[in-house]
Amino acid sequence: VRRQRALIVGGGLVGLRSAEALRQGGFDGSIDLVCAETELPYDRPPLSKAVLTGEREPTSTVFRGLSSFADLDIRLHRGIPASSLDLTSRTVTVDDDQLPFDDLIIGTGSSPRTLGDLPALEGVHVLRGIDDAATIRGSLLREPRVVVLGAGVLGAEVASSARHLGLEVTILEQQDTPMLRSVGARMGSVLAALHDDHGTRLLCGVSVEAVEGSTRVERIRLSNGETVECDLLVLGIGSRPNTSWLEDSGLTISDGVVCDRSLRAGPEGVYAAGDVARWPNPLVGRMQRCEQWMTGVEQARYVASCILGKPRSAAFLGSNYSWSHQYGAHLQFVGTTYADDFEVVSGSTTDREFVVHYRRAGRLVGAMAMNRPTELMAAKREIEISVGGLDVSLGSQVVSDDLSACF
Ligand SMILES: Cc1cc2nc3c(=O)[nH]c(=O)nc-3n(C[C@H](O)[C@H](O)[C@H](O)COP(=O)(O)OP(=O)(O)OC[C@H]3O[C@@H](n4cnc5c(N)ncnc54)[C@H](O)[C@@H]3O)c2cc1C
């Protein structure tokens, strides 16, 4: 059956890349792209880095000008979110319109988590969108004492950018080291030392008891009895998939849109990709949602190739690649740290130039690098080849969630 109407919900990375891939692959039907935001699709990684330091303007992150959407014959619907999906009539509701589709790509991304009982104080921010970045940048110019909640990648980048501007910065982290669950305690302590050496105060093993102030945030009271004075609080405590509009759709929603190995989310022609998609990832042997730029791009291309009827493989096989820039260090991650062994295979952690390999049953399954991009890319290729050869049926690959053997 010739399919003529592609509808993409979510005008972020996945939305744009999948629309582009459809056109590049010769799709000659209509493409509608529904964007909740009024901005044209833009790139998020610079928001926590060059935009906060002032090296780039927020609007410079926009991927393409308006005219190039017309050139690609992509119909943009901006500023109004999709509110529901009806799988029987195969339509999506946007405002008063019912947009019909033959193929649907759900790419609605995720939104930052906040603290449950956070009082409404000025100076408390999350960072997801271009507006958030512009607001935080404006606040940073007033030279505040900055507190960042969460020492994950986003929190670390905000702290690094604020230190770049010479500001007083404290990071509060519940775990004993930064990124404990992602990289383990030993590599976490390498990241902790990076903060330390650049003048960021990192408090680990603490949680927030209260955020206080009269109209603006003034102080954070911690579980260890300590109080940290601050003028700006940025939350970097993870995010939730944007699925509320799909609640009554009949799709399976459980920490994301649950997909099969081909990123199919329901009936034929319904897919999800990017931060919002949860799929059986053969790399880790379980259902996973990846909030990574490259995974979003790879999934967007894969889904487009399925719609075009020419997927390269029956299952989506990605390499879970991501990067981060912190205090001038270039960090890269690939694969998984669900491993039973790890080793620094090149360079040294004290020199801040190294590559770590993570192995499971002797096979390379993941790598982390600091300032060693070429070697990391070699590991990425090896992992991609190995993933390509895996049996993707989940049951055969379930691995223990207990990482203690590794770290
Ligand atoms: C500040 C920041 C820095 C980052 N840095 C890095 C990095 O260095 N390296 C890395 O690998 N990854 C990084 N990431 C992650 C990466 O940017 C994301 O994984 C990627 O943007 C995911 O793309 P997406 O299209 O799934 O979601 P998004 O880019 O979030 O796009 C989803 C879009 O859907 C819209 N939407 C939501 N609900 C609806 C609805 N109902 N109807 C219509 N539209 C809707 C949203 O408004 C949004 O515009 C960073 C993320 C952030 C926020």
Side-chain angles (χ1 to χ4, degrees), residues 7-19 32-52 56 58 61-63 76-85 92-95 97 99 104-113 125-134 136-137 148 152-158 160-161 182 234-236 238-247 249 256-257 263 271-278 289-300 303 318-326 330-334:
L7 176 59
I8 305 169
V9 183
L13 179 70
V14 160
L16 177 66
R17 289 291 185 250
S18 52
D32 284 83
L33 180 58
V34 181
C35 316
E37 297 176 74
T38 45
E39 286 298 339
L40 289 168
Y42 58 88
D43 204 17
R44 295 180 197 273
L47 299 181
S48 48
K49 308 173 185 74
V51 171
L52 289 194
R56 283 182 64 176
T61 59
V62 168
F63 285 117
L76 280 177
H77 306 256
R78 287 198 282 164
I80 302 175
S83 53
S84 65
L85 161 66
V92 165
T93 305
V94 180
D95 206 8
D97 292 334
L99 301 181
L104 172 69
I105 301 175
I106 298 167
T108 43
S110 56
S111 298
R113 286 178 191 276
H125 300 283
V126 293
L127 174 52
R128 179 77 198 178
I130 210 166
D131 294 351
D132 301 325
I136 296 172
R137 167 72 188 156
V148 178
V153 168
L154 187 78
E157 289 183 353
V158 172
S160 160
S161 298
S182 318
V234 182
L235 307 179
S239 47
R240 292 178 204 283
N242 293 326
T243 53
S244 58
W245 68 284
L246 294 167
E247 254 156 35
S249 65
V257 178
L263 303 177
Y271 301 89
D275 284 15
V276 78
R278 190 150 170 268
R289 209 165 54 75
C290 268
E291 298 186 355
Q292 300 165 336
W293 193 96
M294 188 56 92
T295 301
V297 171
E298 289 171 346
Q299 292 190 339
V303 164
S319 61
N320 281 24
Y321 171 80
S322 67
W323 76 93
S324 174
H325 293 152
Q326 300 171 22
H330 182 37
L331 286 156
Q332 292 166 295
F333 310 88
V334 66

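As the structure lists them, so they are numbered: ligands from 1, and atoms in each ligand from 1. These numbers were taken from a predicted model, which means no experiment stands behind them. Positions are given from 1 along the sequence.
With no hydrogens or angles considered, no side-chain donor-acceptor pair links Thr108 and Asn242 at under 3.5 Å. Side-chain atoms of Gln292 and Tyr321 form no donor-acceptor pair, as typed in the model, at a separation below 3.5 Å. A side-chain donor from one of Thr93 and Ser84 sits under 3.5 Å from a side-chain acceptor of the other. Using a 3.5 Å distance cut-off with no hydrogens or angles, the side chains of Glu37 and Tyr42 do pair a donor with an acceptor.
Once rounded to the nearest 0.5 Å, the distance linking CD1 of Ile105 with OG of Ser18 reads 4.0 Å. Between atom CG of residue Asn320 and atom OG1 of residue Thr295 there is a gap of 5.0 Å, rounded to the nearest 0.5 Å. Once rounded to the nearest 0.5 Å, the distance linking NZ of Lys49 with CD of Gln326 reads 9.0 Å.
For ligand 1 and Glu37, the ligand atoms under 4.0 Å from any heavy atom of the residue are 46 (C), 47 (O), 48 (C), 49 (O). Atoms of ligand 1 lying under 4.0 Å from at least one heavy atom of Gly12, given by number and element, are 25 (O), 29 (O), 31 (O), 33 (C). Near Lys49, with a cut-off below 4.0 Å to any heavy atom, the atoms of ligand 1 are 5 (N), 6 (C), 7 (C), 8 (O). Near Val34, meaning under 4.0 Å from one of its heavy atoms, ligand 1 places the atoms 43 (C), 44 (N). Close approach to Leu154 involves these atoms of ligand 1, each under 4.0 Å from a residue heavy atom: 1 (C), 2 (C). Per-residue contacts place Gly274 under 4.0 angstrom from the following atoms of ligand 1 (heavy atoms of the residue considered): 26 (O). Of all atoms in ligand 1, listed by their number and element, those nearer than 4.0 Å to a heavy atom of Gly107 are 32 (C), 33 (C), 34 (O). Listed by number with element, the atoms of ligand 1 under 4.0 angstrom from any heavy atom of Ser48 are 1 (C), 3 (C).
Under a cut-off of 6.0 angstrom, the local environment of CZ in Arg128 is crowded, with over 12 non-hydrogen atoms contributed by other residues, nucleotides or ligands.
Residue Glu39 places every heavy atom at 4.0 Å or more from ligand 1. Under a 4.0 Å heavy-atom criterion, Val276 is not in contact with ligand 1.
The shortest non-hydrogen separation linking Val153 to Ser324 is CG1-OG, 3.6 Å. Considering all non-hydrogen atoms of both residues, Ala300 and Ala273 come closest at N-CB, 4.3 Å. Across every non-hydrogen atom of Val92 and Ala82, the tightest pair is CG1-CB, 3.6 Å. The shortest non-hydrogen separation linking Glu298 to Gly318 is OE1-CA, 3.6 Å. When all heavy atoms of Gly107 and Val14 are compared, the pair lying nearest together is CA-CG1, 4.0 Å. Contact between Gly10 and Leu33 at its shortest, heavy atoms only, is O-CD1, 3.6 Å.
Of all protein heavy atoms, the one closest to atom 25 (O) of ligand 1 is Val14 N, 2.9 Å. The protein heavy atom nearest to atom 30 (O) of ligand 1 is Arg128 NH2, 2.7 Å. Closest protein heavy atom to atom 15 (C) of ligand 1: Glu291 O, 4.0 Å. Atom 23 (O) of ligand 1 has as its closest protein heavy atom Leu13 CB, 3.6 Å. Scanning the protein heavy atoms around atom 51 (C) of ligand 1, the nearest turns out to be Arg44 CB, 3.9 Å. The protein heavy-atom contact nearest to atom 12 (N) of ligand 1 is Trp293 N, 3.4 Å. Among all protein heavy atoms, the one lying closest to atom 34 (O) of ligand 1 is Gly10 CA, 3.3 Å. With hydrogens left out, the protein atom closest to atom 27 (O) of ligand 1 is Gly109 CA, 3.4 Å, a heavy atom.
In terms of polar-atom proximity, Asp275 is counted as a contact of ligand 1, with an N or O under 3.5 Å from an N or O of the ligand. At least one N or O atom of Ala36, backbone or side chain, sits closer than 3.5 Å to an N or O atom of ligand 1. Between Pro81 and ligand 1, no N or O atom pair is found at a separation short of 3.5 Å.
For atom 7 (C) of ligand 1, the candidate residues are Tyr321, Trp323, Tyr42, Phe333; the nearest heavy-atom contact is made by Trp323. Of the candidates Pro41, Gly296, Ser18, Ala82, the one placing a heavy atom closest to atom 40 (C) of ligand 1 is Ala82. Of the options Gly79, Ser239, Pro45, Ser324, the smallest heavy-atom separation from atom 4 (C) of ligand 1 is shown by Pro45.
Looking at Asn242 against ligand 1, only its side chain comes within 4.0 Å, counting heavy atoms. If you look at Trp245 next to ligand 1, the close heavy atoms, those under 4.0 Å, all belong to the side chain. Here His325 has no heavy atoms under 4.0 Å from ligand 1, in either its backbone or its side chain. Contact annotation: for Thr295 versus ligand 1, there are no heavy atoms closer than 4.0 Å. The proximity of Val9 to ligand 1, defined as any non-hydrogen pair under 4.0 Å, is limited to the side chain.
Side-chain contact between Leu13 and Arg44 is absent, with no heavy-atom pair separated by less than 4.5 Å.
A side-chain contact (heavy atoms from CB on, under 4.5 Å) with Ile106 holds for exactly one of Ile8, Val9, Val257; it is Val257.
A donor-acceptor pair under 3.5 Å links the side-chain atoms of Arg289 to the main chain of Asp275, judged by distance alone.
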